Amino acid sequence: MPAQAATAPPPGPAEVIPGKGTATPALVDGIREAVKATGSAADAARGHLAEKEGRYRIAAPARDLKPVRTVNSGAGETVRLQQKHRGVDVLGGQYVVRMEKKDGKRVVTGTSGKYFTALKTGTRAEVGEELAVRRAVDATLRDLGGGKLDKGDIPGAKGATAAARALTGTARGLVVLPKGAGVLTQHVTVRGTDPATGGPVLREVYIDAEAGYPVLQYSGLKTFGKTPLTKESAKAAAGAAAKAAARAAGDVSPGITGSGVRYDGTQVELGLYKDTARNEYVMNDHARMWGSSKNLLSTWDARTVDVGDAAGGQWPAGIKEFGSPTPNFGKEATEAGAVDAHWAAGKVYDYYQKVHGRNSLDGRGMTVNSLVGVTQFGGSLVNAFWDGTKMIYGGGDEEYKTLSADLDVVGHEMTHGVVENSANLVYAGQSGALNEAVADYLGNAIDVDASGKPMDDPAAGLLGEDLCRTKAPRACAFRDLNDGATTAKNFLGVGFGADNGGVHLNSTIFSGALWDIREDIGRTLADQIVYKALTEYMTPLDGFTEGRAAVLAAAKALKVSAKDMNVVKRSFSAHGIVPNWEQALGVDTDLLSGRLNTADSRVGAGGGWWAASRSNDEGSEPYSVWAGRADGKGSPKLISPNDGRFHVNPATDGKTVVWAAFGATGVDVLARPLAGGPAKKLYSTENGVGGLRVEGDLVVIEAGSAFGGRHVGYLRTGDKQPTWVDGGRDEVLTGQPSLSGGRIAYSKLYPEGDTYRYAVEVLDTKSGRTTVMGQLGSPAAVGQTGINATHVFWLVDETDDQGQMAVRRANLDGTGAVDLSKEKGEGALHPYDLTASETAVTVASQAPDTEYRNETMSKLWQFAADGSSRARVSCNRGEQAAPAAAGGKQVIWIDGTTGYTDLVTRTRPAGSCG
């Protein structure tokens, strides 16, 4: 029977929160408006938006909003709608309509989300999928490289790590990024193994569809720790589904109850199945979903599986469910973490089903697969994550048990599956931190309730506290929801290349507020509010402010008392989550250019000037190159032409600016005098270009080859092609150039017998003579170089140990090699970038810290060129990247403290920042 229009009661005062960058409200609450449209819930929701066009400014909901899912809860209906722009998905463009249905009649009670009204971009791509995939894989490799030149960069090199070529890209189609008028992109998913660490890679990369430049990239792995299907996995998944269907169709019992012993020594019940073919009891729990989808909770033995073969939707070949000859699993299953993983998966499933009425992670009874004991290069993996299709748990090490051994870890990771199948909060920046915060809160809530721990226990807010074999719980915990983090004191502004934009770094600011609410108003009510906010109010690009509004609206919908509502508001205020909180963040730097809104572009400095790429305030325009005075006087000037290409990685000597222009057909190296005149094309290639330097009429470049190599070359006025310092041979790699006095310093990797050697070399372009810098050991990798009138500086890794590198200096003739900063010992750094002036050398580095906090972020350290002093350049709390020496002790860099990418400077170091 079709739905009829309802007669709504007199409306109360509506709460309308305006949207940012859109005419559509971010939230409408306190309404009860009859729905005139008939048909499905989605039809009714879109009909309401059309009828109230004056409020929502959505001209054609039936055309531009496509149904994602409808969730029914009693009389309530929550409809999620995906925004389309001229038929193309808009990233994060989701709008939610909440209704009540009774006797075939509907009323709308509220709406929320993001519908971007300013989109005007065309949807015809100049860059095809093939080129987009190449650019995405190349961008991922460069981002993962950490500033090193190593054997993994050599195509087919003897001794090269196979992981370097183990990245593959899959085109996902066109997506509009909701920046300003919109940016049309090709979405590419890159999978494989990190060539530097061996860790799994699952990266979402968005390539501008007009110029082929990567405008956004972030990891798709939702990890707990710190650090489409393939044909094979599709076949395995299909086989598992067929077996489940056969069991469901046959005359079999819904399962068997067995037992096992958890890591903490407690005996627990396990849902099992008797596999007659194996003559074993296996960890397949049929009973929980027998009355609905008949899908399984399955726990798999992955102790022989490398994490690179398991993550990102892949299904490793040959694995089986954990089995036992009796229904009582023994010590092996305990130590592997299988008992904990299987038991905990059932506990998490029960929590969502019994407390929230949700059937599995997707709400529709999906199978939950847990792979336990995964390794990394055959060694330990201390991490756990949801990869979008399944749970993956590392096997632990001498200090950490397998990460399935703590219920809050399992709850956290499985909750990522719930988030992904509801609000689908984008796992980057503030929305990613909100994603982590909700997973932390609900995962820990499940654990605390199961253990019977009181909320006022000081250890109640700890996550992962039960994982250590020797450390006390507080010393072992990965995070603490009672850490008191606030936006003003603890928010860390970083780019998406660091912790996906701070998803773990900033999560406890929001989850701490939620935890305070739970402690003050009670467990059950707080959980209901958070779950309702997640599933009925939040949308993919929500940040802290929108998350606060969603929780408040959910609390109001649940009719909490005025006293409890004040508690909710007070908790958010105590953590600094109030409208416009970002404006209260302070810095110790001078601003040269605010809100660059660019990604993966370096900064140039020289001769009293700087050069940098920037977009408009929304980041919707292709990047252009600007230049300004290093002392901040005067106004910056536009250098690059406005031709739709992405103009990036500029360098300047105070007289000329050179940069790379990315377009649909290739990359051009352009140059233009600061005094004015037309831009001149110096070089063109189909591959990537970086490492640009300029000094008078001498321009240095680092270009990629068609086979994936890296080569340094130089041009002078009138040269038609670069002169390659390595002859352009693919068996020799050169990179990370620097330039001073006509001398080019660069790192080099070359064959010698059956192996490869590393060196830092200096070419005097006037004489053509090369000089190899002396070494203090045998390098395993070399990094960025710097050069001035008397010395050469570079980064070197001689032990290949988790990124630590020495900062080394030698005389121009190669003698006198000495380390300004040792690779090992007290004060050792994790540097990945370097820039030098005549008096100082500055490195961008991560301090040797394994926790997610301020010290984990990229910071700038400055050494006197003679090694006599060392200090932090700035004490800003956010990420500091892309440093450029501007002369003396002055450094210019891109700073993320305010939550934006600002170009800033200091003329002297700030000190120890203790």
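In this chain, residues are counted from 1 in sequence order. Just so it is clear, the model here is predicted, and its values are computed rather than measured. What you see below is based on every heavy atom in this structure, not just the backbone, and it leaves out hydrogens, waters and symmetry mates.
- A side-chain hydrogen bond (donor to acceptor under 3.5 Å, both in side chains) with K114 is found for one member of D542, T22, T24 and no other, namely D542.
- Without hydrogens or angle criteria, T121 side chain to V183 main chain gives no donor-acceptor distance under 3.5 Å.
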Legend entry - Check against side-chain contact (heavy atoms from CB on, under 4.5 Å), W626 and S593: CA-CA 9 Å; W626 292 72; S593 183; over 6 Å; no

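- The environment of R57 atom CZ is sparse: at most 12 non-hydrogen atoms of other residues, nucleotides or ligands sit within 6.0 angstrom.
- At a threshold of 4.5 Å between non-hydrogen side-chain atoms, the residues M538 and E546 do not count as touching.
- N597 places no side-chain N or O within donor-acceptor distance of the main-chain N or O of S615, the cut-off being under 3.5 Å.
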Inset, instruction - Starting from the C-alpha separation in whole Å, work towards a yes-or-no answer on side-chain contact (heavy atoms from CB on, under 4.5 Å) for N435 and V503. - result: CA-CA 8 Å; N435 190 322; V503 299; over 6 Å; no

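- Salt-bridge check for D89 with K84: passed, with a basic side-chain N closer than 4.0 Å to an acidic carboxylate O.
- Inspection of the D600 and Q217 side chains reveals an N or O donor paired with an N or O acceptor under 3.5 Å.
- By the 4.5 Å heavy-atom criterion applied to side chains, F646 and V215 are counted as neighbours.
- When all heavy atoms of P737 and G691 are compared, the closest pair comes out as CG-O, 3.3 Å.
- Rounding to the nearest 0.5 angstrom, the gap separating the CG atom in L692 from the CG atom in L670 is 10.0 Å.
- Using a 4.5 Å heavy-atom threshold, the side chains of E702 and R710 count as touching.
- Considering CE of M857 and CG of L505, their distance stands at 4.0 Å, rounded to 0.5 Å.
- The backbone N or O of A50 lies less than 3.5 Å from no partner atom in the side chain of E53, so there is not a single donor-acceptor pair.
- Taking CZ of R693 as the reference point, atom CD1 of I744 lies at 11.0 Å (rounded to 0.5 Å).
- With a 6.0 Å radius and a threshold of 12 heavy atoms from other residues, nucleotides or ligands, R86 has its CZ atom above the threshold.
- Across L739, V725, V699, a single residue satisfies side chain to side chain contact (heavy atoms under 4.5 Å, CB included) together with Y714, and that is V725.
- When the options Y427, F385, W386 are evaluated for a ring-ring contact (aromatic ring centres under 6.0 Å, His included) with H416, the one that passes is Y427.
- In this structure, P641 and W659 approach most closely via the heavy-atom pair CD-CZ2, 4.0 Å.
- Pairs passing the ring-ring contact (aromatic ring centres under 6.0 Å, His included) check and including a residue from residues 661-705, sequence neighbours excluded, read Y213-F662.
- Contact annotation: the side chain of N506 approaches that of L492 to within less than 4.5 Å [non-hydrogen atoms, C-beta and beyond].
- Remark: the Q880 side chain and the S858 side chain contain no N/O donor-acceptor pair separated by less than 3.5 Å.
- A 4.5 Å side-chain heavy-atom check between D902 and T589 finds every atom pair outside the cut-off.
- In terms of modelled atom types and a separation under 3.5 Å, the side chain of S747 and the main chain of G735 share a donor-acceptor contact.
- Here the OG atom belonging to S684 is positioned 8.5 Å from the CD atom belonging to Q721, to the nearest 0.5 angstrom.
- Formation of a donor-acceptor pair under 3.5 Å by the R672 side chain with backbone atoms of G677 is found in this model.
- Using a 4.5 Å heavy-atom threshold, the side chains of V127 and D208 count as separate.
- Residues forming a side chain to side chain contact (heavy atoms under 4.5 Å, CB included) with A599 (at least two apart in sequence, or on another chain): Y623.
- Using modelled atom types, one side-chain atom of N616 and one backbone atom of E621 make a donor-acceptor pair closer than 3.5 Å.
- Going from atom NZ of K66 over to atom CZ of R46 covers 6.0 Å, rounded to the nearest 0.5 Å.
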Legend entry - Q83 and L65: CA distance, side-chain angles, deciding distance, side-chain contact (heavy atoms from CB on, under 4.5 Å) verdict: CA-CA 5 Å; Q83 182 181 1; L65 285 171; 4.2 Å; yes

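- When atom types are taken as modelled, the side chain of T189 and the backbone of T170 share no donor-acceptor pair closer than 3.5 angstrom.
- In terms of heavy atoms, A884 sits closest to G604 at CB-C, 4.1 Å.
- Using a distance-only test at 3.5 Å, with no hydrogens or angles considered, a donor-acceptor pair links the side chain of T117 to the main chain of A23.
- Side chain of E204 to backbone of Y218: no donor-acceptor contact under 3.5 angstrom is found.
- Screening V657, T656, T652 against I639 for a side chain to side chain contact (heavy atoms under 4.5 Å, CB included) leaves a single residue, V657.
- No side-chain heavy atom of Y746 sits under 4.5 Å from any side-chain heavy atom of V700.
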Legend entry - R629/W609 under side-chain contact (heavy atoms from CB on, under 4.5 Å): CA gap, chis, key distance, verdict: CA-CA 4 Å; R629 289 180 51 169; W609 285 75; 3.9 Å; yes

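- Closest non-hydrogen pair, T901 versus T598, comes out as OG1-N, 3.9 Å.
- Shown here for A211 and R645, the closest heavy-atom pair between the two residues is CB-CA, 4.1 Å.
- Residues S613 and N649 have side chains not in contact (no heavy-atom distance under 4.5 Å, counting atoms from C-beta outward).
- One finds the CG atom of L592 at 9.5 Å from the CH2 atom of W893 (value rounded to the nearest 0.5 Å).
- Here D653 pairs with nothing under the side chain to side chain donor-acceptor pair (under 3.5 Å) rule; sequence neighbours left out.
- Here the closest heavy-atom approach between residue P67 and residue A42 is recorded as CG-CB, 3.7 Å.
- No donor-acceptor pair under 3.5 Å is formed between the side chain of S112 and the backbone N or O of L27.
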